[in-house]
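Data block below; observations after.
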Amino acid sequence: MGNPMFSVNPLNDFRSECKKILKESLKKVFPELKIKQLTLKKPPNIELGHLASSICFELAKEKNEKPLKLAEKLVESTDKTKLNLIEKVVSAGGGYINFFADIKKFSALTIEAIRKLNSEYGFVKTDKPQKIIVEHTSVNPIHPIHIGQARNSMLGDALARILKARGHKIYRHYYIDDVGRQTAVIAYGYQKLGKPKPEGKPDHFIGKIYTITSCLIEINRLKKELKRAKTVSAIEEINKINRELDGWMAVAAELKTKFPKLFEKLLEKISEDEDPENMVNELNRRYEKGEEEAKKLVREVSQLCLKGFKETLNRAGVFYDSWDWESELVWSGKVKEVLNKLKKTPYVFSLGGVLEFDADKVAETYNLKRKLGLREDYELPSLTLVRADGTTLYTTRDIAYTLLKFQKCEKVINVVGMEQALAQLQLKIALYALGHGDLAEKLTHFAYNLVTLPGYKMSSRRGRYITFDEVMDEAVKRAYEEVSKRSPQLPEEEKKKIANLVGIGAVRYALVEVDPSKPVVFTWDRVLNFEKNSAPYIQYSHARACSILRKASRKPEKPAYELFKEKIEHEIIMDLASFPDTFIEATEYLKPNMIADFANTLADKFNAFYNALPVIKAEPKELSDARLTLVDAVRIVLRNSLNLIGIIAPERM
RNA sequence: GGGCCCGUGGCGCAGCUUGGAUAGCGCGUCGGCCUUCUAAGCCGGAGAUCCUGGGUUCAAAUCCCAGCGGGCCCGCCA
């Protein structure tokens, strides 16, 4: 047969051989049987075998025989002369067929593949590479990125990394939402303050102004509404407004204590205006129209904020290929164009001066409900496309943006919070209405759940959030203390470098490790976890592997893999061989958390191995050599898997 | 009211797409291990109606139906 010297997917090689052998046996025992797809799984315990088939359970009924009897027959009829990677085949349990790998050959195949492919091991290339845009983060440039939004960045960046490793051409896009009322609010406040030079990090500075301005405008608006309600004595409405007002007054009090100077100044300046809310709306209208003065103002604020974002994201290891301004879509007429096309369809209607899009009708007409996973009797809400004052809404502009994205790629992945699921669905349906059903099918909403603070939701408008920056600061600080304590001999520069990649790694890991569909309650000890099931734990395992290799100070010359007799060694080899499988699955199902999980499991096993068995001093030397190659392979796979989720693997810590 | 998502030891999670052998892991807890390659570590113990009830199946944490609990959405916000 002739084994190749190395393999891109050792487990798959073994699995293929098992399937082939099993198929031949089946053919021998049941010549008339037409064999469907065989799936082999890992038994719960490696002592039972490396792969197992449960086919006999299915066959039992049809053949009217006990599963175990069938398994025994099939095992007996295997052609032992054809076994290569397989050491033996046995029947077991109630009727499983278990395959044992030949440890010597399988280890050689796996370890040599890893050491040969090195930084490419595991990253099995797709046979249909695509151009894919991953749009992620896209935080509005009105306040710093908070820890909830950081989940978006971490997931989006990890997705981009794994898809790239899979062989796709990836473009990372940041959509700058500089159009809309929220941006007008911050621009208004910034102007009222006389366009001040930022104190501290610009996005943090902007964030304070935004929250205070937004709060003051809200209070002003509610007070007016209250007055109006009182003139008509609408009791229920008065109560409702009062409750809301109380809430905002509490926010105002909070903000006043936190930022007294800024608060006082903004209060004074905003009080000069009779109707600040209208000023904001006016500014929004002027910006959409592209009036020079408005453009200059809004862009100035946005740029300031973005400067802060870039600093934060670069620090976290997140970079982009393109920063797309939403305003460009409006000014270039792309939004208008889309709107005109939509108006020509039978799905757009005018209601009280606003333009509405009848998503339900489109879904009915094109028979989309089943396809989109909705019940037939579910009525989709309509989508407002244009306000009474002629300005557009976010999703309207997003339709134009989506079409623009598809000019550059074949597939779009939007990393957007789960709470926007309906809007993302309406966007998709709008594409069908425009005759771009083909594109709609290549548009993926990668949804993730909220990060909440214990007891309450984060709210940018209320200034209640924990910033990504402060979380990273705290994590790096803690990592520094830890490194200083554990490795005082290291030079200061190196300690800082390690603290940085460990601290940030911890934060990244904490945010990708959980299934995106599950909510995360932010607690400091969760993100600052430096013990098991954390990036530092995996990084530490990697550093330990490096340390062994460093101290060995010799190349493994004659590794004798047949000397791997320990269960833990076999388990590690199996894990290492499985990495390509895990990678492919994580990529195809868009599950970056699988990678985190894999790395953690491998680190666990490696630490158990580290503790139980000597490497450098193992006897005979051929075993020591074999273990050295195993350690080297673990080192490579830990590093590769960490890199996939944007975490750096240090050689010392 | 309707839609989407989640529900696994005291707490936090994995497993569910593709049903299969004793349901994995972390925190906490109890007890051990630094004169041997970094103790950010390792080993062992205690601890589970896999939300409930039906159904499908030789086999259900996993698939289907109904219900319960929690979150999110249903805006001329994003």
Side-chain angles (χ1 to χ4, degrees), chain A residues 37 39 41 43-45 48 52-54 57-58 60-61 66-67 92-96 98 138 140 177 180-182 281 351-356 373-375 377-381 384-389 391-395 398 416-423 425 447 449-450 452 457 460-461 479 482-483 485-487 502 506 513-515 517-521 523 525-526 529-534 536-541 543-552 585 588-589 591 593-594 596-597 600-601 603-604 607-618 627 631 652-653:
Chain A
Q37 206 55 35
T39 49
K41 292 204 160 182
N45 186 331
L48 294 168
S53 167
S54 54
F57 293 95
E58 298 167 49
K61 200 172 189 184
K66 286 235 153 48
Y96 294 95
N98 293 346
S138 302
N140 295 180
D177 181 21
R181 197 173 271 151
Q182 296 187 71
N281 292 343
L351 185 76
V354 311
L355 216 55
E356 289 283 322
L374 303 167
R375 285 180 187 236
D377 56 355
Y378 169 62
E379 194 180 335
L380 276 149
T384 305
L385 294 169
V386 181
R387 292 191 184 94
D389 71 356
T391 57
T392 54
L393 283 111
Y394 179 82
T395 308
D398 207 9
V416 174
M418 206 185 74
E419 72 278 6
Q420 289 188 53
L422 179 59
L425 195 62
N449 215 314
L450 250 44
T452 58
K457 268 175 74 177
S460 323
R461 286 181 68 205
E482 201 71 27
V483 180
K485 198 169 75 198
R486 304 192 48 79
S487 307
V502 168
E513 174 243 0
V514 219
D515 184 324
S517 71
K518 304 218 177 182
V520 168
V521 178
T523 53
D525 63 332
R526 178 183 196 130
N529 177 21
F530 283 27
E531 296 180 346
K532 294 194 73 172
N533 195 17
S534 73
Y537 172 70
I538 302 163
Q539 289 170 317
Y540 178 66
S541 313
R544 275 181 147 180
C546 291
S547 173
I548 292 175
L549 297 169
R550 205 167 40 235
K551 294 235 163 101
E585 203 181 334
E588 296 308 304
Y589 291 107
K591 289 175 85 166
N593 52 311
M594 282 185 72
D597 224 66
N600 186 55
T601 305
D604 268 345
N607 281 316
F609 164 85
Y610 180 96
N611 214 265
L613 305 167
V615 176
I616 298 168
K617 291 181 182 161
R627 284 186 181 157
V631 171
R652 293 170 209 263
M653 60 188 278

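Note that this is a predicted model, so its numbers are computed, not measured. Every chain is numbered from 1, with letters handed out A, B, ... down the list of sequences. Below, each value reflects all heavy atoms present in this structure, side chains not excepted, and no hydrogens, waters or symmetry copies.
- If you check every strand for non-hydrogen atoms under 4.0 Å, Lys485(A) touches nothing.
- Residue contacts shown for Val483(A) include a base, since a base heavy atom lies under 4.0 Å away.
- Spacing between C37(B) and G31(B) at atom P, rounded to whole Å, works out to 28 Å.
- One P atom belongs to A14(B), the other to C25(B), and the distance between them is 15 Å to the nearest Å.
- Comparing Met594(A) and Gly94(A), the nucleotide of RNA chain B nearest to each residue sits closer to the 5' end for Met594(A).
- Side-chain atoms of Asn449(A) come within 3.5 Å of backbone atoms of Ser517(A) as a donor-acceptor pair (strictly under, hydrogens ignored).
- In this structure, Lys518(A) atom NZ and A14(B) atom C1' are separated by 8 Å, rounded to whole Å.
- Across C77(B), G41(B), U38(B), the shortest atom-to-atom separation from the side chain of Leu393(A) is found for C77(B).
- Residue contacts for Glu482(A): at a heavy-atom cut-off of 4.0 Å it reaches a base atom on one of the strands shown.
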Contact list (N/O, under 3.5 angstrom) for nucleotides 43-48 of chain B vs protein:
none

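- Taking atom P on both nucleotides, G70(B) is separated from U29(B) by 31 Å, rounded to a whole Å.
- Taking the side chain of Thr384(A) as heavy atoms from C-beta on, and the options C76(B), U18(B), C5(B), the nearest nucleotide is C76(B).
- As rounded to the nearest Å, C34(B) and U38(B) have C1' atoms that lie 11 Å from one another.
- Ranked by how close their nearest RNA chain B nucleotide is to the 5' end, Glu531(A) and Asp597(A) are led by Asp597(A).
- In this model, no side-chain donor or acceptor of Asn600(A) finds a partner on the base of A14(B) within 3.5 Å.
- Protein atom CG of Leu380(A) is 14 Å distant from nucleotide atom P of C74(B), rounded to whole Å.
- Of the candidates C42(B), C27(B), C77(B), C77(B) carries the atom nearest the Arg387(A) side chain, counting heavy atoms from C-beta on.
- Summarising the geometry of Leu422(A) relative to Pro381(A), their closest heavy-atom pair is CD2-CG, 3.7 Å, with the distance given to 0.1 Å.
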Tell me, with the steps shown, if Asn607(A) and Tyr537(A) meet side-chain hydrogen bond (donor to acceptor under 3.5 Å, both in side chains). CA-CA 10 Å; Asn607(A) 281 316; Tyr537(A) 172 70; 3.1 Å; yes
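- Using C1' as the reference atom, G47(B) and G12(B) are 16 Å apart when rounded to the nearest Å.
- Rounded to whole angstrom, the span from the NZ atom of Lys591(A) across to the P atom of A14(B) amounts to 9 Å.
- Across A61(B) and U8(B), the matching C1' atoms stand 7 Å from one another, rounded to whole Å.
- A distance-only check finds a donor-acceptor pair linking the side chain of Thr601(A) to the backbone of Asp597(A) [under 3.5 Å].
- Looking at the side chain of Val615(A), the nearest of the listed nucleotides C37(B), C5(B), U38(B) is C37(B).
- When heavy atoms are screened at a 4.0 angstrom cut-off, Asp398(A) is found touching no nucleic acid atom at all.
- A straight line from NZ of Lys61(A) to C1' of U57(B) spans 8 Å, rounded to a whole angstrom.
- Across all strands shown, Pro519(A) has heavy atoms under 4.0 Å from sugar-phosphate atoms exclusively, and none from any base.
- Regarding the sugar-base torsion, C11(B) falls in the anti class, its angle being beyond 90° of 0.
- Nucleic acid contact class of Leu613(A) (heavy atoms, under 4.0 Å, all strands): base.
- Minimum atom distance to the side chain of Met418(A) is reached by G71(B), of the listed G71(B), G20(B), A21(B).
- The side-chain heavy atoms of Met418(A) and Leu450(A), taken from C-beta on, include no pair separated by under 4.5 Å.
- Proximity note for Ala388(A) (side chain, C-beta onward) versus A21(B), C76(B), U17(B): the nearest is C76(B).
- Within 4.0 Å (heavy atoms only), Asp515(A) reaches sugar-phosphate atoms of the nucleic acid but no base atom.
- One N or O on the side chain of Asn529(A) and one on the backbone of Lys532(A) form a donor-acceptor pair closer than 3.5 Å.
- Using a 4.0 Å heavy-atom cutoff across all strands shown, Gly95(A) reaches no nucleic acid atom at all.
- Taking atom P in both U49(B) and G24(B), the straight-line distance is 15 Å, to the nearest Å.
- Side-chain atoms of Arg627(A) come within 3.5 Å of backbone N or O of Pro614(A) as a donor-acceptor pair.
- At a threshold of 4.5 Å between non-hydrogen side-chain atoms, the residues Leu425(A) and Leu380(A) count as touching.
- Counting non-hydrogen atoms under 4.0 angstrom, Pro43(A) reaches a base of the nucleic acid.
- Nucleotide C11(B) holds its C1' atom 11 Å from the CZ atom of Arg526(A), rounded to whole Å.
- At the heavy-atom level, Ala52(A) lies under 4.0 Å from base atoms of the strands shown.
- Each of G71(B), C76(B), U17(B) was ranked by its minimum atom distance to the side chain of Val354(A); first place goes to C76(B).
- At a threshold of 4.0 angstrom between heavy atoms, the contacts of Glu58(A) include nucleobase atoms, whether or not backbone atoms are also involved.
- Among the protein residues, Ala543(A) comes within range of the nucleic acid bases, having at least one heavy atom under 4.0 Å from a base atom.
- Atom CG of Asp525(A) and atom C1' of G12(B) are 10 Å apart (whole Å).
- Within the nucleic acid shown, Gln420(A) comes within 4.0 Å of at least one base atom, counting heavy atoms only.
- Heavy atoms from other residues, nucleotides or ligands lying under 6.0 Å from CD of Glu419(A) number more than 12.
- Between the side chain of Ser487(A) and the main chain of Met653(A), a donor-acceptor pair closer than 3.5 Å is present.
- We find that CD of Glu588(A) is positioned 17 Å from P of U17(B), with the value rounded to whole Å.
- With A14(B), G41(B), C5(B) as the candidates, the nucleotide lying closest to the side chain of Arg544(A) is G41(B).
- Contacts of Leu422(A) with the nucleic acid, taken as non-hydrogen atoms under 4.0 Å apart, involve only primed sugar atoms and P, OP1 or OP2.
- When the C1' atom of U38(B) is taken as reference, atom CZ of Phe530(A) falls 17 Å away, rounded to whole Å.
- Minimum atom distance to the side chain of Tyr378(A) is reached by G2(B), of the listed C42(B), C73(B), G2(B).
- Comparing A21(B), U38(B), U17(B) by their closest approach to the side chain of Tyr589(A) singles out U17(B).
- Rounded to whole Å, the P atom of G28(B) lies 46 Å from the corresponding atom of G75(B).
- Taking the 5.5 Å centre cut-off and the 30° plane limit, the aromatic side chain of Tyr610(A) is not classed as stacked on G41(B).
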